[in-house]
Undergrad: 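Okay, handing you the structure first.
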Amino acid sequence: FGQFGFIADSAHGGKFSHPIDRNGNYVNPPVGSPARGYGEIVSKQFWLYTGQKNQVVSIPTPLPTPGISPTHQPVTPVSGKMQLVARIINPNNVMWKDHGARKTSGMIATGQDYMLAIQEWAKAIDAHKGKANLHVKVYMKNGRHYNLIYNDFKIYENMQYSHNGGSCPQGKCPNGPQMQHDDPRTGKAPSQWFDGACCCSSNNGFGWYGSCGFGQFGFIADGGHGGKFSHPINRDGNYVNPPVGSAARGEGEIQMKEFWLELKSTDMFLPPVEGAGKFELVANIMHPYSPMWAGNQGRATAGVKVVGKDYFLAMQQWRDLIDEHEGQVDLIVKIQLQSQPDYLLIYNDFKLYSNLDYSHKGGSCPQGKCLSGPQMQHNDRRIGRHGKWFDGACCCSSNNGFGWFGRCGFGQFGFVADSSHGGRFSHPIDKNGNYVNPPVGSAARGYGFVVGKQFWLHFKPSMPVPLPSISGIVEGGRYELVANIWHANTAMWSGSNARRTFGSKSVGKDYFLAITEWRRLIEAHGKRVDLIVKIDLQSQADYTLVYSNFKLYGDLSYSHDGGKCPQGNCPSGPQMQHDDPRKGKAPSKWFDGACCCSNNNGFGWYGSCGFGQFGFVADSAHGGKFSHPIDRNGNYVNPPVGSDARGYGNILGKQFWLHFS
């Protein structure tokens, strides 16, 4: 049996039929046949609901008002909560006259006149943390109902209103509908509110009027304008005279009107977390089967930033925005689930490289637990540079979704897993920041279905790098930041780049003062200068190393007279390299690039080779991480601080300061 206009043959009842009963079961004989016992079918309706998940949506359904068939009810997709604020069935009811809008009256129940006090409209709009649209539904006795939508509708203290365009679903109004003849369609209308008609009415109906005219609510035109229950705006959004409802207009008689406030869903337009700085939506995935989420589409900006619509900012533009910001940038990923609470994954100090590799420094999982931060992919170590970018899936996908993949796996954006991994819109990282297989979104994972994702960049305010905390050891004088290392894998920390100044002096940004400028500043001071090195750790307390009376020579070799380890113990002062005698000129040489043990050719001081001091990333044999050769007790250590074997945890950053006493 069919679903639509199916009439069964005589052997199965010979009636207008439907194959599925009220319990969701296929039945034979079908519903509609005498043998089934449901009675005859009068009509069927099929609806597509395009709202967001977990919304409290009251869809206007005037049942069972005589003369109004729900079959012809205007269909209006909504993206938020719908609140009925007025229903006019009997315009002769006294509630539609004079000051009737100043109080709530009638009953909200179907088939009853109802008016929410106009001041309560204003309160509902103002209380909602987002936009509100006004829907006006005009029901015609001939079944040619129509709907007028006023976008971003607002009511002011003097009862004037404004809206920003809108739409006419059953007509055509590219600039939106009017509410009154002086309505400009966008902005605050000059129309005034009247507690009673200013003209042209046989029942003194209240509403908005311009230089007088026809009202919007329970308005009955006078004999000169048709003498009928009327509306001033036609299906194309235009003010008309004579009004809709009059015989002269020729559109038929009005049966009923309803006014609804659509309190639009605002989740996508509000930052996912509170905090200072700017938030930028860079991806919104709602329909992963769209071609924009497959192949090399991550290289192009596509879609629009509208609730329920897909949007993606080209990946290279992500990188440009991050690099242009004079401060730290975090990536926030929001996963929307159908049947469980949404969750966030926050990737601290997120950075993109020219080949679209990414790095981050830990992060957080607000709805779960990830002490070291979340992963992005299964080979993500939670800190440092990871993830090869693919313009299309490397495996496990039914829609070739682009993204970051390690040794292959599941993607991050509009990724639909293949049938062997659940066959659904998926995300590889769970609420605890862990890569999971099967992914979130698959039935086997048990999180329910993924219904949307948003990716946000959080541009934190630019802040000066704070002075090192070494109270009681070095006080007073002037401090000069000469190096701030945050992204050790960038090219600026390799080769001969120490010979020039680059970067900016902001928290979360890399900076280096040319090493020859260090020497010039020290010599120009003419008095004692200390070098202070601060090591920022992810999971343990930071530590500081103080090199007293630090000097640089023409060949860039250095000397110091002992020093301090404020968070450790070094009676003779700290080393800088393994052949550092702790006092006097060190035999260590300056190298414009690593002499050994590095996977990024990091410059610095080396003795008979070893680990460098600045943006040094150790090779795999020595931990493969951003490293420092000197521990909190001032000793050169192998494996270095930053390696898993050393046990200090990951290094987040380093700062080098000159202190001019």
Side-chain angles (χ1 to χ4, degrees), residues 1-84 87-89 107-112 114 133 135-149 167-172 235 244 251-260 262 265 286-287 289 307-308 338-339 424 449 451:
F1 309 124
Q3 292 78 29
F4 300 98
F6 182 85
I7 300 176
D9 58 22
S10 58
H12 296 87
K15 301 278 188 179
F16 182 20
S17 302
H18 197 69
I20 311 299
D21 68 9
R22 68 177 69 248
N23 297 313
N25 300 317
Y26 180 91
V27 290
N28 182 354
V31 175
S33 66
R36 179 51 51 198
Y38 273 58
E40 295 188 359
I41 293 176
V42 176
S43 67
K44 306 181 190 181
Q45 295 91 47
F46 288 70
W47 298 72
L48 289 178
Y49 171 51
T50 59
Q52 305 299 302
K53 62 110 190 171
N54 291 341
Q55 292 172 341
V56 180
V57 180
S58 177
I59 298 177
T61 308
L63 290 175
T65 302
I68 304 290
S69 169
T71 307
H72 304 290
Q73 180 187 340
V75 177
T76 306
V78 296
S79 60
K81 178 182 177 181
M82 293 291 287
Q83 180 178 352
L84 179 69
R87 181 191 295 120
I88 307 100
I89 297 174
M107 298 178 62
I108 202 168
T110 298
Q112 301 292 318
Y114 172 72
N133 294 343
H135 293 235
V136 179
K137 296 177 177 287
V138 181
Y139 294 85
M140 308 299 294
K141 290 182 179 180
N142 60 13
R144 297 191 69 242
H145 316 316
Y146 65 95
N147 196 26
L148 305 167
I149 303 176
S167 59
C168 303
Q170 290 75 37
K172 187 177 181 180
R235 69 182 59 247
V244 175
E251 293 192 41
E253 294 186 359
I254 293 175
Q255 176 73 35
M256 180 177 73
K257 302 182 196 179
E258 287 182 334
F259 289 69
W260 294 79
E262 178 192 6
S265 173
M286 301 296 296
H287 307 104
Y289 289 98
V307 170
Q338 185 179 41
S339 56
R424 296 194 178 270
F449 299 142
V451 295

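The model shown is predicted, which means the values in this text are computed figures rather than measured ones. Basis for what follows: all heavy atoms, side chains included, without hydrogens, waters or symmetry-related copies.
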Undergrad: For the residue pair Pro19 and Gly2, what are the closest heavy atoms and their distance?
TA: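 Taking every non-hydrogen atom into account, CD-O, 3.0 Å.
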
Undergrad: Mind checking the CE-CD spacing from Met82 to Glu262? Nearest 0.5 Å is all I need.
TA: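 Rounded to the nearest 0.5 Å, the CE-CD separation comes to 5.5 Å.
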
Undergrad: Kindly compute the distance separating CG (Leu148) from CZ (Phe259), expressed to the nearest 0.5 Å.
TA: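 Interatomic distance, Leu148 CG to Phe259 CZ, rounded to 0.5 Å: 9.0 Å.
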
Undergrad: Atom CG in Asn142, atom CD1 in Ile254: separation rounded to 0.5 Å?
TA: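 Going from the CG atom of Asn142 to the CD1 atom of Ile254 covers 10.5 Å.
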
Undergrad: Spell out, as yes or no, whether a donor-acceptor pair under 3.5 Å connects the side chain of Lys44 to the backbone of Gln3.
TA: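 Yes, Lys44 side chain to Gln3 backbone: donor-acceptor pair under 3.5 Å.
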
Undergrad: Determine, stepwise, if the pair Val136 / Lys257 fulfils side chain to side chain contact (heavy atoms under 4.5 Å, CB included).
TA: CA-CA 7 Å; Val136 179; Lys257 302 182 196 179; 5.5 Å; no

Undergrad: Among Glu258, Arg144, Gln255, find the residue that satisfies the side chain to side chain donor-acceptor pair (under 3.5 Å) test when tested with Tyr139.
TA: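 Option passing the side chain to side chain donor-acceptor pair (under 3.5 Å) with Tyr139: Glu258.
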
Undergrad: Which word best sums up how the rings of Tyr26 and Phe1 line up, parallel for under 30°, tilted for 30 to 60°, or perpendicular for over 60°?
TA: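 The arrangement is parallel - the two ring planes meet at less than 30°.
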
Undergrad: Tell me, do Val244 and Arg235 make a side-chain contact under 4.5 Å, heavy atoms counted?
TA: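 No, every pair of side-chain atoms sits at 4.5 Å or beyond.
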
Undergrad: Are His135 and Asn147 packed together at the side-chain level, in the sense that at least one heavy-atom pair is separated by less than 4.5 angstrom?
TA: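 Contact flag for His135/Asn147 side chains = yes.
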
Undergrad: Output all residues satisfying side-chain hydrogen bond (donor to acceptor under 3.5 Å, both in side chains) with Glu40, sequence neighbours left out; order by chain, then residue number.
TA: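 side-chain hydrogen bond (donor to acceptor under 3.5 Å, both in side chains) list for Glu40, sorted by chain: Lys15.
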
Undergrad: Any donor-acceptor pair under 3.5 Å linking the side chain of Arg36 with the backbone of Gly13?
TA: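 Not a single qualifying donor-acceptor pair exists.
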
Undergrad: Report yes or no: does Asn23 contribute a side-chain atom to a donor-acceptor pair with the main-chain N or O of Asn25 at less than 3.5 Å?
TA: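 Flag not set: sc Asn23 to bb Asn25 has no pair under 3.5 Å.
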
Undergrad: Got a donor-acceptor contact below 3.5 angstrom from the Asp21 side chain to the Val31 backbone?
TA: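 No; zero donor-acceptor contacts below 3.5 Å.
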
Undergrad: State, to 0.1 Å, how close Met140 and Gly252 come at their nearest heavy-atom pair, and which atoms those are.
TA: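 Here Met140 and Gly252 meet closest at CE-O, 3.3 Å.
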
Undergrad: Considering only heavy atoms from C-beta outward, does the side chain of Met256 approach that of Arg87 to under 4.5 Å?
TA: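 With C-beta onward as the side chain, the pair touches.
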
Undergrad: Applying side chain to side chain contact (heavy atoms under 4.5 Å, CB included), can you list everything that pairs with Phe449, at least two apart in sequence or on another chain?
TA: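 Residues passing side chain to side chain contact (heavy atoms under 4.5 Å, CB included) with Phe449: Gln338, Arg424.
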
Undergrad: Kindly write out the residues that satisfy side chain to side chain contact (heavy atoms under 4.5 Å, CB included) with Ile7, not counting sequence neighbours, or none if the list is empty.
TA: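 With sequence neighbours excluded, Ile7 shows a side chain to side chain contact (heavy atoms under 4.5 Å, CB included) to no residue whatsoever.
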
Undergrad: Please name the pair of heavy atoms, one in Phe16 and one in Phe4, separated by the smallest distance, quoted to 0.1 Å.
TA: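 Closest approach of Phe16 to Phe4, heavy atoms only: CE1-O, 3.6 Å.
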
Undergrad: Quick one: closest heavy-atom pair of His12 and Asn28, and the distance?
TA: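 Answer, listing the atom of His12 first, then Asn28: CD2-OD1, 3.4 Å.
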
Undergrad: Measure the NZ-CD1 distance between Lys137 and Ile149 for me, rounded to the nearest 0.5 Å.
TA: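 If we round to the nearest 0.5 Å, Lys137:NZ and Ile149:CD1 are 7.5 Å apart.
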
